[in-house]
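First comes the structure, then the notes that go with it.
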Amino acid sequence: MYEGPVQDLIDELGRLPGIGPKSAQRIAFHLLAAEPADVTRLQEVLQKVKEGVVFCDVCGNVSEEATCRICRDARRDKTLVCVVEEPKDVLAIERTREFKGRYHVLGGALDPLSGVGPDQLRVRELLARIGQDDITEVIIATDPNTEGEATATYLVRMLRDFPGLTVTRLASGLPMGGDLEFADELTLGRALSGRRAL
């Protein structure tokens with residue numbers, strides 16, 4: 001245990017996802033040794049993110065404006081929507097350069113053990129969007145893990161009654177238990193282009 005502010009910094013850094021106690025300690029001591037201008041720049045960037053980044057009113061992706069650049073892009077196919085769990089998954093699919101439609105970010109996946117049900121996700125917004133827009137295909141691109149598969153199954157049940165709507169799932173090739181953000185572009189691109197109807 002360190003004294004006062006140093007331990008407070010280590011504790012706060014340790015609350016970040018993927019940062020364990022040792023990593024938090026390394027980052028804290030790196031910041032202590034950094035130039036004051038570097039720490040100030042980091043502080044300013046963190047403040048800008050908290051104050052200036054919002055979630056897109058249409059799809060739920062991160063944006064600097066009320067509508068993200070993908071939803072504003074008239075060249076994107078409005079009839080095709082790819083449903084993902086998190087904004088980081090949008091970036092993973094965009095890196096493939098295979099998908100030309102729009103997105104819908106759920107904000108997570110169903111996880112009853114952690115108290116995450118359909119009401120905690122952006123499922124209602126997806127259903128409203130499909131009911132209002134001319135969407136003809138929904139690609140379910142949730143992570144290939146237990147929570148992602150449960151979410152995909154739930155969405156299929158919710159979407160099957162929309163007339164003329166095709167619901168597809170990413171093709172196999174993604175390792176079970178993985179995250180889309182860690183899939184390489186080639187594998188994810190093939191999974192997207194080889195999607196299967198549900």
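Residues: numbered from 1 along the sequence shown.
- By the 4.5 Å heavy-atom criterion applied to side chains, Ile130 and Leu165 are counted as neighbours.
- Rounding to the nearest 0.5 Å places CG of Leu9 at 6.5 Å from CG of Leu32.
- A donor and an acceptor atom, one from each side chain of Glu85 and Thr151, are nowhere located under 3.5 Å apart.
- Ion pairing of Arg41 with Glu44 is absent here, as no side-chain N (NZ or NE/NH1/NH2) approaches a carboxylate O to less than 4.0 Å.
- What you find for Ala24 and Ile19 is that their closest heavy atoms are N-CG2, 3.5 Å.
- Heavy-atom contacts from other residues, nucleotides or ligands closer than 6.0 Å to CZ of Arg69 number 12 or fewer.
- Few gaps surround CG on Asp119; more than 12 heavy atoms of other groups in view lie less than 6.0 Å from it.
- Nearest approach of Ala152 to Arg169, heavy atoms of both residues: CB-NE, 3.6 Å.
- Closest approach of Cys68 to Ser63, counting heavy atoms only: CA-OG, 3.3 Å.
- Of all heavy-atom pairs between Cys82 and Ile93, the closest is SG-CD1, 3.6 Å.
- Checked by atom type, the side-chain pair Glu149/Asn145 shows no donor-acceptor distance below 3.5 Å.
- Side chain to side chain, Glu51 and Gln47 meet the donor-acceptor criterion of an N or O pair below 3.5 Å.
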